[in-house]
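The chain is numbered in sequence order, starting from 1.
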Amino acid sequence: MIRAQAEPKETQELYRNNKNHKWQGTYPGQNHGVMKRNEIRAGGNFENRDSILPKKLKGTYKKFDVTNGIDSPRFVRDTKMAMCIIQK
């Protein structure tokens, strides 16, 4: 579980917006005015290739980018436990 207060304001806002949208992928207005190649991705499978989380069935972990880019921090949500962490 993450401590939202410890994260930057933009990250806290993104967390609240995703939570309010019930973690259903990109929420309305999230990518407004952003070119397609720079869109923030949300709701895709997190593969857990480095085993940073306990091993679970594929599709259990979902990823939600905080910003765009390859090395972007992201929320990783366990869909079975409703737990969310931030990967930096």
Side-chain angles (χ1 to χ4, degrees):
M1 186 71 88
I2 67 167
R3 290 185 174 277
Q5 309 90 317
E7 298 299 329
K9 184 178 178 180
E10 295 83 11
T11 305
Q12 293 177 36
E13 182 179 343
L14 186 66
Y15 177 84
R16 279 191 304 276
N17 288 338
N18 276 306
K19 186 175 177 183
N20 290 340
H21 191 58
K22 300 187 183 346
W23 300 96
Q24 296 298 312
T26 306
Y27 55 84
Q30 184 174 13
N31 284 315
H32 180 73
V34 176
M35 293 175 57
K36 183 83 172 158
R37 69 173 186 231
N38 293 328
E39 285 183 345
I40 293 175
R41 293 164 297 195
N45 286 331
F46 178 73
E47 300 296 330
N48 196 29
R49 289 186 187 110
D50 297 331
S51 298
I52 62 170
L53 297 170
K55 292 192 184 293
K56 295 196 177 181
L57 294 174
K58 184 176 180 176
T60 299
Y61 297 118
K62 299 290 183 181
K63 61 185 176 183
F64 300 81
D65 292 349
V66 173
T67 60
N68 58 357
I70 294 172
D71 294 328
S72 167
R74 64 176 49 118
F75 297 109
V76 177
R77 184 169 186 269
D78 182 331
T79 58
K80 306 294 185 211
M81 298 176 58
M83 179 185 76
C84 188
I85 64 156
I86 193 163
Q87 177 196 21
K88 296 183 179 186

Using distance only, find each side-chain donor-acceptor pair of residues 51-64 under 3.5 Å and give its atom names and separation, not counting sequence neighbours.
from, atom 1, to, atom 2, distance (Å)
Ser51, OG, Lys55, NZ, 2.9
Lys56, NZ, Asp78, OD2, 2.7
Thr60, OG1, Leu57, O, 2.8
Tyr61, OH, Pro54, O, 2.8
Lys62, NZ, Asn45, OD1, 2.8

What distance do Lys19 atom NZ and Phe75 atom CZ have between them, rounded to the nearest 0.5 Å?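 If we round to the nearest 0.5 Å, Lys19:NZ and Phe75:CZ are 11.5 Å apart.
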Set of residues satisfying side-chain contact (heavy atoms from CB on, under 4.5 Å) with respect to Gln24, sequence neighbours excluded: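 Scan of Gln24 (side-chain contact (heavy atoms from CB on, under 4.5 Å), adjacent residues dropped) gives His21, Lys22.
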How close do Gly25 and Asn18 get, heavy atom to heavy atom, and via which atoms?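 Shortest heavy-atom separation between Gly25 and Asn18 comes out as O-OD1, 3.9 Å.
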Are Gln30 and Leu14 close enough that some pair of their side-chain heavy atoms sits under 4.5 Å apart?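 In short, these two side chains touch, coming nearer than 4.5 Å.
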